[in-house]
Amino acid sequence: MLDIKAVRQDPQRVAEALNARGFQFDVAHFSALDARRKQADIDSQNLLAERKSASRQIGVLVGQGVSVDDAKAQVNAQLSKIAGQLDALTEEARQAQAEIEELLLGVPNVPLPEVPPGSSEADNMEVLRWGEPKAFDFPVRDHVELGEGLQLLDGEMAGKITGSRFTVMYGKLARLHRALTQFMLDLHVQEHGYEEIYVPYIVNRDSLVGTGNLPKFEADLFKLRTDPDLYLIPTAEVPVTNLARDRIFEDGEMGEHGVRYACHTPCFRSEAGSYGRDTRGMIRQHQFEKVELVQFVRPHQSLQALEQLAGHAETVLQRLDLPYRKVMLCAGDLGFSSQKTYDLEVWLPAQNTYREISSCSSFGDYQARRMRARWRNPASGKPELLHTLNGSGLAVGRTLVAVLENCQRADGSIAVPVALQAYMGGVSELGG
RNA sequence: GGUGAGGUGGCCGAGUGGUCGAAGGCGCACGCCUGGAAAGUGUGUAUACGGCAACGUAUCGAGGGUUCAAAUCCCUCCCUCACCGCCA
């Protein structure tokens, strides 16, 4: 959520900044609503104050021995006037509050100044490339051909069990998938200073509102038939970031670099409307695994933290020797809650292109305001909104795809990257 | 899922429907005392919104209700604890 004070102070500037990411912010509507909210708030507060003092007066009189009825009679004029207006006024105030809240919950974050303009991924800015795409002296197979050829991957069976966009893996492939997860977690915990945590895979509505998935993107979620509403997590970002919800961190709890959590979870995405895109194979699934990195930092640290976070994700690709490029998303391609995002795109030889494998974002105080996540600034002694960040480190399923395709050999077997062999019990190849 | 007991400030813990945002304690901050410390002692110590400020309003798990007035009474829900049932 944006800072309502900042919006109020210069709505035009906010509107322009949001326009850069393709969002139309209706300044006139906001201003009218805010004025209404303020007036209703003042009116109802005044009335409440009157009622309170009248009630208090009755209490005082009763304390002095006056009968309750007599006491009421003495302040009757005031009370009857209040009774007539209070309900309407408090309802008006409540409604005005709710409306402006709803409006703001639907407004995305403002991009940082360095975020390039643009409306689609075509306008994203390449920051760097790492590694050389390997030249193959045989026709490359995609991961589906490779996995099915080895009889380790089965999309049809998943279709039978559940439906489209799920997958079944067997044997060494299933193990490679698990090895990738273990490798990533160990790297981030042992070398990058993250604490490993385990969290619920089902969350409530408040948690999803906190991260910005709701109220706008309900269609992307799997919703359970419970009361109250519960949802399968679309990413570990949701439960992990919500660890900070309604919480005030003492400075000592934040550590030098802030709080860093690494968390492996399955992710569930309904992706209603995405049918037709990436239908083949494991690129876009309803269920996939991800190792997520989440940070809570002091506001002045967030820019540097984003660079470090992206670096942590890049290290995974480097250790696996997978060529990739890093792009800064343009304003129009930013996620709803993000103020700045780097995507890491891994080289997929079968597609002859780079494909997203990690997205690392800084949210500034946008999520923190939605979930009232704060730290106590020792300089002021006051609670202030902290900054949140997260990034995939990495999407496991897509990393598996990248390993299969980049490490394939002419006979359709797969050379297991050296970094993973220890996690495979020494196994160095699939098939062959 | 059943029965019972509870949910109050950073923590513990009082609270009879009426000057209660809430006694007391712990913790923390600052001062006094001391050569220095401990002990002792004094003061302060929730959050949000509005206001230049004085201050006002809201919040005692959440939401409804009764009442002139609710931390306090009633209803529903959530959570915690104990025992039972079921289960990995």
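Naming: A, B, ... by sequence-line order, numbering from 1 per chain.
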Length of the CH2-C1' vector between A:Trp375 and B:rU47, whole Å: 18 Å
Below 4.0 Å: OP1/OP2 of B:rA48 and any side-chain N or O of A:Arg374: yes
Residues in ring-ring contact (aromatic ring centres under 6.0 Å, His included) contact with A:Phe166, at least two apart in sequence or another chain: A:His286
A:Arg372 bridged to A:Asp246 by N-O distance under 4.0 Å: yes
Residues A:Ser207, A:Asn204; criterion side-chain hydrogen bond (donor to acceptor under 3.5 Å, both in side chains); working and verdict: CA-CA 6 Å; A:Ser207 292; A:Asn204 59 30; 3.2 Å; yes
OP1 or OP2 of B:rG50 under 4.0 Å from side-chain N/O of A:Arg8: yes
Sugar-phosphate only, base, or nothing, as touched by A:Arg376 at under 4.0 Å among non-hydrogen atoms: sugar-phosphate
Same-atom distance (C1') from B:rG56 to B:rU19, integer angstrom: 16 Å
Nearest-nucleotide 5' precedence on RNA chain B, A:Leu48 against A:Val60: A:Val60
A:Lys38 side chain near B:rG51 phosphate (N/O to OP1/OP2, under 4.0 Å): yes
Sugar-phosphate only, base, or nothing, as touched by A:Ala49 at under 4.0 Å among non-hydrogen atoms: sugar-phosphate
Lys/Arg N to Asp/Glu carboxylate O, A:Arg94 vs A:Glu99, below 4.0 Å: no
A:Gln45 (side chain) and B:rG50 (base): donor-acceptor pair under 3.5 Å: no
A:Lys52 vs B:rA58: side-chain N/O to OP1/OP2 distance below 4.0 Å: yes
Under-4.0 Å side-chain N/O to phosphate OP1/OP2 contact, A:Arg51 with B:rA69: yes
